[in-house]
2 protein chains.
Amino acid sequence: MATINDVAHLAGVSTATVSRALNGKSTVDPALAERVRSAADELGYQPNGPARNLRRRETAVFALIISDVENPFFTAIARGVEDTAQTAGYSVVLCNSDENPEKERRYIDVALQERVAGVVLSPTGASPSIERLRRGGTPVVAVDRPLIACDQVLVDSRRAAREATEHLIAAGYTRIGCIGGPPGVRTADDRVAGYRDALHGRSPRLERRAEYRTTGGRQAARDLLADSPDALLVANSSMAIGVLEVLAEAGLRPGRDVGVVAFDDAPWTTLINPSLTVVAQPAREIGAEAARLLLARIAEPAHPPVVTILGAHLIPRGSTRH
Amino acid sequence: MATINDVAHLAGVSTATVSRALNGKSTVDPALAERVRSAADELGYQPNGPARNLRRRETAVFALIISDVENPFFTAIARGVEDTAQTAGYSVVLCNSDENPEKERRYIDVALQERVAGVVLSPTGASPSIERLRRGGTPVVAVDRPLIACDQVLVDSRRAAREATEHLIAAGYTRIGCIGGPPGVRTADDRVAGYRDALHGRSPRLERRAEYRTTGGRQAARDLLADSPDALLVANSSMAIGVLEVLAEAGLRPGRDVGVVAFDDAPWTTLINPSLTVVAQPAREIGAEAARLLLARIAEPAHPPVVTILGAHLIPRGSTRH
DNA sequence: ATGAAAGCGCTAACAA
DNA sequence: TTGTTAGCGCTTTCAT
């Protein structure tokens, strides 16, 4: 593969001039610059990133470490991060931690070693590995789940869960169950807390917690059905799939036999009949804001951490009409 | 951030020994190695990736460039690639080309510049930028869509589309429409071709082509409805969402008023009523095989290109019962 | 405006 | 087994 030296020889200039020309420095003669560019073209020259990054001590790449690539909520965040980053000249590489702290740690190390310009992270838990990022001085912004002493973009999950539950109460449901995510995951805990906030004895507490996945939803729903709830608050869209499957098996129809509201406005929620009442989170905006915070922090590393809290809104649909 | 020099000083050895110890070379005294490791730990040492990659002239990273992160088919491929790559000690960074040749080109350049060990690519079209990868000698494997003179993992889309259409014919439908993906995209063209293969005059050709997205499906379906089809073959799951929406608007019930079969067994396809007949593609296996091919090519760069064709299978469900 | 040369942090010959 | 040293390809002073 051609190096800067080859280009310099072909263009009959020094490597310094090649570097300057290709990086658009103003101090280079237009004619020379042109000669350099065509030489580079002819050789199919691609600057050696590692060498450049080593010398510059920085890269134009963000790492985005999310807990589940197969969850539309996170892919929507990815789109938001990407759009904003691209505009500012950064590329985004996506790493899937798969809700697995070990994989998260691996990817944080990769990000650190590759000296990425910044990291957007949806933390899988207490994540001791964050400490390394901090020590390395790499800018980090947490999304969806909090991370102390760090820029963050969060959603007011608790309030959203409370409102969703109040919506169920207002619709006349009296035995409202909650299918929550795994204990210890902040969004999961918050949603359960919001559910409790709303009850005030107007419904018994019927809670089950499980993994943020379809199988988790399935298990929790099977189990909770024993308590014969007349409505269900489900903590995310992957779980909702499992819950709806179980309901169908049991011959229970959403909206008629049992009210259902779930977090995340996944693309399929309007296809089912009746369509699913959801709590829509501004996923794309979360990503965009995270990228903005990262850019701001790069520009001003000493700035105190900023926490952005975005709202979620209920979209009432058929599954909660009594 | 600590460098190898700092570690060497703290451990009282040379940088060479540090490098050897940390990379697990056998030729280093266990006691020394231990001293080095604890020194590295104490300093929170993270090897400088750019420097290492520059020197080694290789990285342990694969780039996976897919055309749409929000499409479950591609995220499933991502999982397959990742699982296999991780096992072999490689990390995978995911780049979203968004069906946009310009973004694809950008990410190919990034991959090239960062000197990744290999690229898995779902090409967005003729992709002239592949030429650069080839010139750079970077191993590439194409997934889902063909790429000349290159390892490839494909699905026999044409056959699958033919079988799906035959299934519709066997079910007694006589005006079978085809909602195809964008012309020029190979999988899209193949699926339309398979549809035609099956017809033999047993149904008029009712074809519409659009983007591989929900809006594309919506447009094409609205348009095609004018030809009053009694069944529909839909080219992917994102389009299927749009198609089903339009059907619902028009008061047409899948499986009763109009038969529907779509490519991709998305998670929601069993939730709708009746559930959706689909052509299931082995997405995860596609990814895993792609990663295997990449590893094989790295081990043996001169080996002639291998093309793996995987099968897809029809899963008949309620939406095609007459 | 251009070139010469130093050096980013690491690994791999080569010596010892 | 360990250390010394050259150099990977680039950018950036410092001269000119």
Completion exercise
Per side chain to side chain donor-acceptor pair (under 3.5 Å), B:Asp109 is matched among B:Arg105, B:Arg106, B:Gln113 by B:Arg105
Exercise for the section: Indicate, yes or no, whether a donor-acceptor pair under 3.5 Å links the base of D:dG3 to the side chain of B:Arg20. Expected result: yes
Exercise for the section: Examine distances only and state if a side-chain atom of A:Thr84 and a backbone atom of A:Val81 form a donor-acceptor pair shorter than 3.5 Å. Expected result: no
Exercise for the section: Identify which nucleotide among C:dG9, C:dA1, C:dG7 has an atom closest to any side-chain atom of B:Ala51, counting heavy atoms from C-beta outward. Expected result: C:dG9
Exercise for the section: Would you classify A:Thr3 as touching base, sugar-phosphate or nothing, given that sugar-phosphate means primed atoms plus P, OP1 and OP2, and contacts are heavy atoms under 4.0 Å? Expected result: sugar-phosphate
Problem - Atom-to-atom span, CZ of B:Arg115 to C1' of C:dC10 - whole angstrom - result: 17 Å
Exercise for the section: For D:dG3, take OP1 and OP2 only and decide whether either is under 4.0 Å from a side-chain N or O of B:Thr17. Expected result: yes
Fill in the blank from the handout: note: B:Asn5, atom CG; D:dT4, atom P; distance rounded to Å ~ 12 Å
Practice task
Let me know the distance between CD of B:Glu58 and P of D:dG9, rounded to the nearest Å.
Solution key: 14 Å
Exercise for the section: Measure from the side-chain N and O atoms of A:Arg135 to the backbone N and O of B:Leu43, and report whether any donor-acceptor pair falls under 3.5 Å. Expected result: yes
Exercise for the section: For the side chain of B:Ile4, starting at C-beta, report the closest nucleotide among D:dT11, C:dA12, C:dG9. Expected result: C:dG9
Practice task
May I ask you to evaluate whether A:Arg56 reaches the phosphate of D:dT11, defined as a side-chain N or O under 4.0 Å from OP1 or OP2?
Solution key: yes
Exercise for the section: Rounded off to whole Å, could you give me the CD-to-P distance for the A:Glu114 and C:dC10 pair? Expected result: 13 Å
Practice task
Kindly say if A:Arg57 contacts the phosphate of C:dG9, meaning a side-chain N or O under 4.0 Å from OP1 or OP2.
Solution key: yes
Practice task
Just compare D:dC10, C:dT2, D:dT2 and give me whichever is closest to any side-chain atom of B:Asp29.
Solution key: D:dT2
Practice task
Return the nearest nucleotide to the side chain of A:Arg55; candidates are D:dT4, D:dC10, C:dT2.
Solution key: D:dC10
Practice task
Whole angstrom is fine here: how far is it from CG in A:Asp6 over to C1' in D:dC10?
Solution key: 13 Å
Completion exercise
Of the listed D:dG9, D:dT11, D:dG3, the closest approach to the A:Arg52 side chain comes from D:dT11
Exercise for the section: Look at all strands and tell whether A:Asn53 reaches a base, only sugar-phosphate, or nothing, counting heavy atoms closer than 4.0 Å. Expected result: nothing
Handout entry: Distance in angstrom units between A:Leu112 CG and C:dC10 P, rounded
Key = 13 Å
Handout entry: Among C:dT2, D:dG3, D:dT2, the one nearest A:Thr27 by side-chain distance
Key = C:dT2
Handout entry: Heavy-atom donor-acceptor pair, A:Asp6 side chain to A:Thr3 backbone, under 3.5 Å
Key = yes
Problem - Nucleotide nearest A:Val13 when distance is taken to its side chain, options D:dG9, C:dC10, C:dG3 - result: C:dG3
Completion exercise
When rounded to whole Å, the OH to P distance for the pair A:Tyr45 and D:dG9 reads 10 Å
Handout entry: Nearest-angstrom distance from the residue atom CE of A:Met1 to C1' of D:dC8
Key = 15 Å
Completion exercise
So ring pair (Phe, Tyr, Trp, His ring centres under 6.0 Å) across residues 52-79 of chain A, not counting sequence neighbours, yields A:Phe62-A:Tyr90
Exercise for the section: Please examine the side chains of B:Val143 and B:Leu121, heavy atoms only from C-beta on, and report whether any two atoms are closer than 4.5 Å. Expected result: no
Exercise for the section: Name the nucleic acid region contacted by B:Pro50, choosing base, sugar-phosphate or nothing; use a 4.0 angstrom heavy-atom cut-off, strictly under. Expected result: nothing
Handout entry: Closest listed nucleotide, where the reference is the side chain of A:Asn23 and the choices are D:dT11, C:dC10, C:dC8
Key = D:dT11
Exercise for the section: Taking only the side-chain heavy atoms of A:Thr15 (C-beta and beyond), determine which of D:dT11, C:dC10, C:dT2 contains the nearest atom. Expected result: D:dT11
